[in-house]
Amino acid sequence: MTMTETRPTPTSKPKQETTHFDVIIAGAGISGVGTAYHLTQQCPDKSFVVLEGLESFGGTWHTHRYPGIRSDSDLYTFGYRFKPWVGAPIATAEEILSYMGEVIEENGLARHIRYRHKITSARWSSKNNLWTLEVTRTDTGEQLHFTTNFLWMCQGYYRHEKGYTPEWEGMKDFRGVIVHPQQWPEDLDYKGKRVIVIGSGATAATVVPAMAADCAHITVLQRSPTYFIPARNENKLADQLRALEIDETWIHEIARRQILQEQAEFTRRSFEEPEAVKRDLLGAVRAYLGPDYDIEKHFTPKYRPWRQRVAFIPDGDLFRGIASGKASMVTDEIERFTEKGILLKSGEVLEADIIVTATGFDLSVLGDIRFTVDSAPVDFSKTVTYRGMMFTGVPNMVWIFGYFRASWTLRVDLVADFVCRLFNHMKKKHVRKVTVALRPEDRDMPLKPWIDPENFNPGYLMRGMHLMPKRGDKPEWQHTQDYWAEKKELPKVDLDASEFIYE
Ligand SMILES: Cc1cc2nc3c(=O)[nH]c(=O)nc-3n(C[C@H](O)[C@H](O)[C@H](O)COP(=O)(O)OP(=O)(O)OC[C@H]3O[C@@H](n4cnc5c(N)ncnc54)[C@H](O)[C@@H]3O)c2cc1C
């Protein structure tokens, strides 16, 4: 909220009318919009509404407005399987929003979405087999009530209101401006300014080349390096097919298969021959920065490839900024902020007018909504996940949590197929409630954190892992993060298997 906006004043009398839908989708990001599409196609008889807390659709791509904001996945796979992507593989937030806007428009989804509707609580009643949602209208403060048979959580995984900034000593002493990329001030003037960007992930890699030309100088200050893949922002095969005037629907499918095959191979190599992958990745960086640059210090992570997202650098723009001298890397730790900038543990001082804290997100487990099941509060960290989408003891609810090593949206399409199949199965069985439950053979199964930190360990997950649902050691009881396996397994799941309890 900017300083000039006023906060909504709650109306004196909260309205008590309740509106019912068969399905309620929480959130109108790429997951919620995709889910809405699939519902209209696969379960056309279901009534549904998408409740979105913000004033427009897009989620991540609506919230983030920092310079250069773009995807780091290719849009052939970050796009939906049902809507061809016709541009360059890496897309700006604006292009992604425009693509989503077309999906909404072409499929008449706008009438199903209610903006500025923030869900604050969800109560399940087994007596009525219904969820009751309390919803706040963020423009009027009005309290609304909705009931639904099924809650489809597409609220993402991080808090949209505010990013994560660690507390450093002396931050208050700094005389310049401190900005988090998640709340980028529209009028931030960085022309001719000295800028430090704290962080080493995809956001830092995006914001730095976008700002470098205008700043006096921009410094990336990182505690430890990240892996990057610099490559041209093009898909040669798609361009060739386009030149042959092949139908875009075909091009989309072919480009997806090609990219997914290459990614599967990259993932396999990252696990089976990590040293060779590391050499390839560092070699690509070296090609931009030359033989004398200290790649070992600034671009050689401590972890093996793919333990954190590998950020794609279109046309090597970050490295070209460094090679030109407009941007530089510092790998060190912060001792404290000072009036003029940052004192590092090494004793070096970095002076700045603007400090950008590209330090990540604040994990939000299920949209900060208070959940109860038959009046008992739900602590998701005490539940076990069914395939990273349902939770033991929580009926009629699914959460779309995408992939780390493949585009998030691939899972939106797969989970939608699964849930729509489940809905149609429940209709045939004349049942209204489905809960997943551990089977007798799962009783002694060791329960572990949502994801193995050895396998994937970004900061926001490490900080919030204790709040996330648990996983077991069988494919049914974990988010395997393996798109290629799930693509085959999910359509074959036996919906009458004993882990599904229907009533
Ligand atoms: C800068 C950035 C770049 C990224 N780039 C990629 C990429 O290239 N490829 C990739 O695969 N992933 C990427 N990701 C991860 C990305 O977040 C997901 O891919 C995807 O956009 C998530 O979509 P979503 O719809 O599930 O969640 P979100 O985009 O987070 O949208 C969730 C929506 O739900 C709404 N909401 C939340 N809580 C409530 C509530 N209680 N009531 C009502 N509404 C609510 C939010 O307002 C929001 O609009 C990126 C993330 C960030 C932050």
Side-chain angles (χ1 to χ4, degrees), residues 24-36 49-80 89-93 95-97 99-100 113-122 133-138 144 146 151-161 163-164 180-182 184 199 201-207 263 309-312 314 358 360-371 389 398-412 415-416 458 460-461 481 483:
I24 290 185
I25 300 170
I30 198 125
S31 303
V33 170
T35 294
V49 71
V50 183
L51 299 179
E52 167 56 60
L54 300 177
E55 61 285 359
S56 189
F57 63 87
T60 294
W61 310 102
H62 174 76
T63 294
H64 286 82
R65 289 156 192 228
Y66 54 80
I69 166 80
R70 66 185 179 207
S71 67
D72 60 358
S73 297
D74 73 277
L75 257 289
Y76 289 97
T77 61
F78 191 75
Y80 304 110
I90 300 299
T92 62
E95 289 166 334
I96 298 172
L97 289 175
Y99 171 87
M100 289 176 69
I113 310 178
R114 299 198 189 172
Y115 295 112
R116 298 186 166 96
H117 280 59
K118 190 168 177 56
I119 306 167
T120 55
S121 76
L133 305 188
E134 272 175 33
V135 172
T136 304
R137 278 204 58 158
T138 59
L144 306 174
F146 288 80
L151 199 44
W152 200 323
M153 299 302 298
C154 296
Q155 84 303 330
Y157 60 96
Y158 67 90
R159 213 153 278 142
H160 277 247
E161 297 82 44
Y164 168 73
H180 191 286
Q182 207 173 307
W184 197 267
T203 306
T206 305
V207 92
Q263 285 175 356
R309 263 188 110 89
V310 182
F312 185 85
F361 326 110
D362 236 353
L363 183 81
S364 153
V365 180
L366 290 145
D368 294 331
I369 296 166
R370 290 186 309 278
F371 280 86
M389 54 180 166
V398 68
W399 177 15
I400 296 196
F401 194 106
Y403 300 110
F404 297 125
R405 296 195 183 91
S407 287
W408 185 275
T409 320
L410 293 164
R411 200 156 202 259
V412 175
V415 171
Y460 66 89
L461 260 182
Q481 286 291 336
Y483 165 72

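Both counts, for ligands and for their atoms, begin at 1 and track the order of listing. Along the sequence shown, residues are numbered consecutively beginning with 1. The shown structure was predicted, so the numbers you read here are calculated from the model rather than taken from an experiment.
At distances below 3.5 Å, at least one donor-acceptor pair connects side-chain atoms of R411 with backbone N or O atoms of F401. In this structure, the side chain of T120 engages the main chain of E134 through a donor-acceptor pair within 3.5 Å. Under a 3.5 Å cut-off, the side chain of Y158 and the backbone N or O of Y164 do not form any donor-acceptor pair. In this structure a side-chain-to-backbone donor-acceptor pair under 3.5 Å is present from E52 to A28. Side-chain atoms of S71 come within 3.5 Å of backbone N or O of S73 as a donor-acceptor pair.
In this structure, the protein non-hydrogen atom closest to atom 4 (C) of ligand 1 is W61 CH2, 3.6 Å. Closest protein heavy atom to atom 33 (C) of ligand 1: E52 OE1, 3.5 Å. Of the protein's non-hydrogen atoms, I119 N, 3.0 Å is the one closest to atom 42 (N) of ligand 1. For atom 24 (P) of ligand 1, the closest heavy atom belonging to the protein is S31 OG, 3.3 Å. The protein atom (non-hydrogen) at minimum distance from atom 37 (C) of ligand 1 is Q155 CB, 3.4 Å. Looking at atom 9 (N) of ligand 1, its nearest protein heavy atom turns out to be S73 OG, 2.6 Å. Given atom 10 (C) of ligand 1, the protein heavy atom at minimum distance is R309 NH2, 3.1 Å. Among protein heavy atoms, the minimum distance from atom 23 (O) of ligand 1 is reached at I30 CG2, 3.5 Å.
The aromatic ring centroids of Y483 and W408 lie 6.0 Å or more from each other. Residues H117 and Y115 place their aromatic rings such that the two centres sit no closer than 6.0 Å. Residues F78 and W61 bring their aromatic ring centres within 6.0 Å. Taking the six-membered ring for Trp and the full ring otherwise, the centers of F361 and Y460 sit less than 6.0 Å from each other.
The shortest separation from a heavy atom of I400 to ligand 1 is not under 4.0 Å, leaving the residue out of contact. Ligand 1 has no atom lying under 4.0 Å from any heavy atom of G402. Residue contacts with ligand 1 leave out Q182, since none of its heavy atoms falls under 4.0 Å from the ligand. At least one heavy atom of Y157 sits closer than 4.0 Å to an atom of ligand 1.
Expressed to the nearest 0.5 Å, how far OG1 of T206 lies from CD1 of I69 amounts to 6.5 Å. Once rounded to the nearest 0.5 Å, the distance linking CG of L54 with CZ of R116 reads 9.5 Å.
Residue contacts with ligand 1, taken as heavy atom pairs separated by less than 4.0 Å, involve L51 solely via the backbone atoms N, CA, C and O. Residue contacts with ligand 1, taken as heavy atom pairs separated by less than 4.0 Å, do not involve S364 at all. Under 4.0 angstrom from ligand 1, there are no non-hydrogen atoms of Y403. Residue contacts with ligand 1, taken as heavy atom pairs separated by less than 4.0 Å, do not involve H62 at all.
Any N or O atom pair closer than 3.5 Å counts here, and H160 shares at least one such pair with ligand 1. In terms of N/O distances under 3.5 Å, ligand 1 is not approached by T203.
When Y460, F312, W408, Y66 are ranked by how near their heavy atoms come to atom 11 (O) of ligand 1, first place goes to W408. For atom 51 (C) of ligand 1, the nearest non-hydrogen atom from the set I90, T35, I96, T60 belongs to T60. Evaluated by nearest non-hydrogen atom to atom 53 (C) of ligand 1, the leading choice among F78, F404, F361 is F361. Closest heavy-atom approach to atom 31 (O) of ligand 1 among the candidates A122, G59, G360: G59.
No side-chain donor from either of Q182 and H160 sits under 3.5 Å from a side-chain acceptor of the other.
Of all the atoms in ligand 1, the ones that sit under 4.0 Å from a non-hydrogen atom of S407 are 11 (O). The contact set between ligand 1 and G156, taken as ligand atoms under 4.0 Å from a residue heavy atom, comprises 26 (O), 27 (O), 30 (O), 32 (C).
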Item to check | CA sep, side-chain torsions, deciding dist, call: E161, K118, salt bridge (charged side-chain N to carboxylate O under 4.0 Å, His left out) | outcome: CA-CA 12 Å; E161 297 82 44; K118 190 168 177 56; 3.6 Å; yes
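Residues V135 and L51 meet the side-chain proximity criterion, which asks for heavy atoms closer than 4.5 Å.
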